[in-house]
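Numbering of residues begins at 1 and proceeds along the displayed sequence. Indexing begins at 1, ligand by ligand and atom by atom, following the structure's order.
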Amino acid sequence: MDKIRFATVWLAGCSGCHMSFLDLDEWLIDLAEKVDVVYSPVGSDIKEYPENVDVCFVEGGIANEDNLELILKVRERTKFLVSFGDCAVTANVPAMRNMIKGTDPVLRRCYLELGDTTPQLPKFPGIVPELLDKVRPVHEVIQVDMFLPGCPPSASRIQAALEPLLKGEKPVMEGREMLKFG
Ligand code: SF4
């Protein structure tokens with residue numbers, strides 16, 4: 001049987017969801033026998049999101065132009081896309097800046113008013129991506145196939161979601177164990 005082409009993506013999140021993924025510990029060895037990891041910030045250095053990905057877990061909200069460009073490509077190239085963790089599902093912590101309208105007040109507060117020795121705005125076209133006016137959850141920008149909430153989702157919840165996917169089945173996302181936020 002062909003291995004599943006599996007990817008994970010890190011947008012505007014703290015990487016805690018990926019850390020929880022690593023908490024799968026020895027089950028990762030079982031997983032490695034069933035999937036080809038074709039793109040991930042964990043354990044790979046592949047720069048370009050590939051074509052024909054079967055399953056992708058997306059961590060984080062969409063906060064800047066790089067996030068936006070990547071998620072559009074990910075959607076186009078992925079059969080089953082999982083909104084992975086509360087930042088992807090609701091925009092969560094990164095969206096706290098949405099309470100302050102626009103990006104200028106946030107950037108000025110962080111980098112000028114609270115800057116220490118050389119306060120300056122982080123601008124470098126082509127290197128530092130521009131922030132979007134608002135941080136948005138993934139499903140507001142593209143269609144997602146499944147929501148996997150949690151901040152982060154526990155390793156057991158991740159495993160319970162992955163096991164059916166490995167068999168080509170859609171996980172049943174019901175009950176507190178699978179759906180609780182936070
Ligand atoms: S959902 Fe929680 S653990 Fe995951 S990226 Fe967001 S803040 Fe971090």
(message) Show the nearest heavy-atom pair for residues Ser83 and Val138, with the distance to one decimal.
(response) OG-CB, 4.2 Å

(message) Do Arg109 and Leu114 make a side-chain contact, defined as non-hydrogen atoms from C-beta onward lying under 4.5 Å apart?
(response) yes

(request) Report yes if the side chains of Leu165 and Phe80 come closer than 4.5 Å at any heavy-atom pair, otherwise no. (result) yes

(message) Under a 4.0 angstrom heavy-atom cut-off, which atoms of ligand 1 come close to Gly150?
(response) 1 (S)

(request) Please report how many protein N/O/S atoms lie under 2.8 Å from atom 6 (Fe) of ligand 1. (result) 1

(message) To the closest 0.5 Å, what do you measure between CZ (Arg75) and CG (Leu81)?
(response) 5.0 Å

(request) To the nearest 0.5 Å, tell me how far Lys79 NZ sits from Asp145 CG. (result) 12.0 Å

(message) So for Pro153, does at least one of its heavy atoms come nearer than 4.0 angstrom to any atom of ligand 1?
(response) no

(message) Can you tell whether the side chains of Lys3 and Glu33 come within less than 4.0 Å, N to carboxylate O?
(response) no

(request) Would you please name every residue forming a salt bridge (charged side-chain N to carboxylate O under 4.0 Å, His left out) with Lys73, sequence neighbours left out? (result) Glu48

